[in-house]
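Let me begin by presenting the structure, written as structure tokens, before commenting on it.
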Amino acid sequence: MSMVFAPCLTETTAPTTHAQPAWSPYDNNGGTCVAIAGEDYCVIAADTRMSTGFSILIRNYSKIHQITEKSVLASSGFQADIRALQKNLDARHQIYQHQHNKQMSCPAMAQLLSNTLYYKRFFPYYAFNVLGGLDNEGRGCVYSYDAVGSYERSGYSSQGTGMQLIMPVLDNQLKSASPLVLPLQKSTTPLSEFEAVDLVKDTFASAAERDIYTGDAVEIVIINREGVRRELMDLKRD
Amino acid sequence: MRWEEEGMKQNAFIMGNKLMGSNPHAFSLIMPSIPITHTQTPYVTGTSVLGIKYKDGVLIAADTAGSYGSTTRYKSVERLRPIGQNTLVGATGEMSDFQTILQILDRLIITNAMFDDDNTLGPPDIHSYLNRVMYNQRNKLDPFWNTLMLGGVKNGVKYLGNVTMLGLHYVDDHVATGFGIHLAQPIFRNEWNEDMTLEQGTKLLEKCMLVLFYRDRSAINKMQIANITEDGVKISEPYALQTKWDYEAFSNPTVGNEGSW
């Protein structure tokens, strides 16, 4: 990299140019996340593969992070940014608990996540998030984000490298009311918790067939009024 | 006096800017401005580092080459260094950045020791700290051009993990950096098991180092193995592996198949 100090005899109006960047501060470590909201439960699932380029780094990395009692964040994208984002939200939640003597509700955490992402609008967290949990009435809620914080509450969502393989299957199988129909109906799925978990397992098995970044295992977290429980199902390791 | 000097320098810089525009690379007649120095390419680099957990601890291996592009410029670079009592760091990538990181870790260990409260930093702590260092440098768009391997044992808990120059980090029972990801990690996945003895672990690492020497252009046949157990960190003297080049196929490679390579 040579720096030329040329004596400038005339006024220069050339703008500062940056050399072609030889590296990118981002990497995509792959993976897929799904969340489904039910009447009184929420299912959040993500595969456990961490990749870089065409290599698999590890097969047992959890993309799911429980931030509060009632909200669980699943993120795919660039792992370093995701981990920094999770720690950021944890710290903010701790402060909230000190100030309000209670945990944040899921809708409140949803807004905080959006604000946190937009705060880095001009050097984004490369994280594709799905936030799932129970709202203040105990009904399942799912919030889905882009990398800079645009978000929407819906009945179900998927993000990540396998998103386009999974989303149509969820549209077809969950029997949720369409968000386009008026009057607006609640978007939680009428399926039972068991049926929803079963569907999640099927969709991940299908995504793992065709998406090279999805596989190894799928970690499924279910929140309902009894609490939080985890399931782990193996997927193809190729 | 010093603040006056600073003020004068700032005035000079502003005047220089007004005359020359805001190009920081333009030559200022009044005072040269400092060019932006962000690492974009590495110069002296180390190649793969391999690590595995075994029954009594962690084994980490690396060769002692410092390449300067396609030249093997330095042949006695120690790429494995102990940190504190329980941890070892191995580095791939730009060696000058590794030396800076060692200084940073030195400061960390000394500051921690000065608390004088019998608390020592273990492998997970160093891993977390290094992760923050690497991620923060990346956030300034000026990365330390290294992939670092962390291994150690503390209070009976074995630990092994990696941190890349982007702040990507993970732990596993066996890890590799650089070319090792492509050539050694598959062998680990096939042949590693939890109860390997020191001999078995060493053999496995040597097998992978040999593959890397055969196939990685920047590797040399002079390596060190570090053994970290509850008792501490022991890094071997550099040694060479037995190689085999007298395969029949090498002596007359195109027999029966002239014209191909």
Side-chain angles (χ1 to χ4, degrees), chain A residues 1-31 48-63 77-88 119-120 122-127 216 237-238, chain B residues 16-29 32-43 93 128 131-132 134-143 145 147 160-183 185-186 188-189:
Chain A
M1 197 169 49
S2 61
M3 240 121 16
V4 180
F5 291 102
C8 216
L9 297 171
T10 53
E11 173 100 13
T12 174
T13 51
T16 310
T17 49
H18 291 276
Q20 284 287 43
W23 75 288
S24 162
Y26 292 110
D27 189 16
N28 189 352
N29 305 119
T48 62
R49 171 176 289 178
M50 186 158 94
S51 338
T52 179
F54 285 116
S55 300
I56 298 175
L57 290 172
I58 43 174
R59 299 187 189 274
N60 56 357
Y61 184 80
S62 174
K63 296 184 183 71
F78 175 39
Q79 187 253 2
D81 272 349
I82 291 170
R83 202 62 201 101
L85 176 65
Q86 289 170 352
K87 287 185 176 188
N88 199 337
Y119 198 74
K120 276 178 52 84
F122 300 109
F123 185 13
Y125 287 114
Y126 193 85
D216 294 328
R237 293 157 72 90
D238 66 355
Chain B
N17 260 345
K18 283 203 164 78
L19 282 176
M20 295 296 136
S22 57
N23 183 350
H25 299 290
F27 177 74
S28 163
L29 290 172
S33 53
I34 304 161
I36 299 168
T37 51
H38 281 190
T39 307
Q40 292 291 345
T41 52
Y43 288 100
S128 180
N131 179 216
R132 287 292 110 213
M134 302 298 275
Y135 185 67
N136 278 308
Q137 279 297 127
R138 166 263 184 198
N139 280 348
K140 296 183 209 168
L141 299 177
D142 185 12
W145 206 280
T147 306
L160 182 61
N162 268 358
V163 187
T164 71
M165 69 170 170
L166 297 177
L168 183 64
H169 59 285
Y170 53 96
V171 292
D172 207 350
D173 295 326
H174 41 74
V175 287
T177 67
F179 263 106
I181 295 177
H182 299 102
L183 297 172
Q185 191 72 289
F188 289 158
R189 285 179 178 146

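Just so it is clear, the structure is predicted and the values come from calculations on it, not from any experiment. Naming convention: chains lettered A, B, ... in sequence-line order (proteins, then strands); numbering from 1 in each chain.
For A/Phe123, the side chain to side chain contact (heavy atoms under 4.5 Å, CB included) test picks out A/Pro25, A/Tyr26, A/Lys120, B/Arg138, B/Asn139, B/Leu141, with sequence neighbours left out. Checked against side chain to side chain contact (heavy atoms under 4.5 Å, CB included), A/Asp27 has the following partners two or more places apart in sequence or in another chain: A/Asn29, A/Thr52, A/Phe78, B/Leu166, B/Leu168.
Side-chain atoms of A/Trp23 and B/Thr41, non-hydrogen and from C-beta on, never get closer than 4.5 Å to each other. Residues B/Val175 and A/Leu57 form no side-chain contact, since every pair of their non-hydrogen atoms from C-beta on lies 4.5 Å or further apart.
For a residue to count as touching a neighbouring chain, one of its non-hydrogen atoms must lie under 4.5 Å from one of that chain's; by this rule A/Ile56 touches chain B with backbone and side chain alike.
Annotation: the span from A/Gln79 atom CD to B/Tyr170 atom OH amounts to 9.5 Å, rounded to 0.5 Å. Interatomic distance, B/Asn162 CG to A/Ile58 CD1, rounded to the nearest 0.5 Å: 9.5 Å.
Top candidate by heavy-atom pairs under 4.5 Å with chain A, chosen from B/Arg132, B/His169, B/Met165, is B/His169. Looking only at heavy-atom pairs under 4.5 Å with chain A, the residue among B/Asp172, B/Val163, B/Asn131, B/Thr164 that has the most is B/Asp172.
The environment of B/Phe179 atom CZ is sparse: at most 12 non-hydrogen atoms of other residues, nucleotides or ligands sit within 6.0 angstrom.
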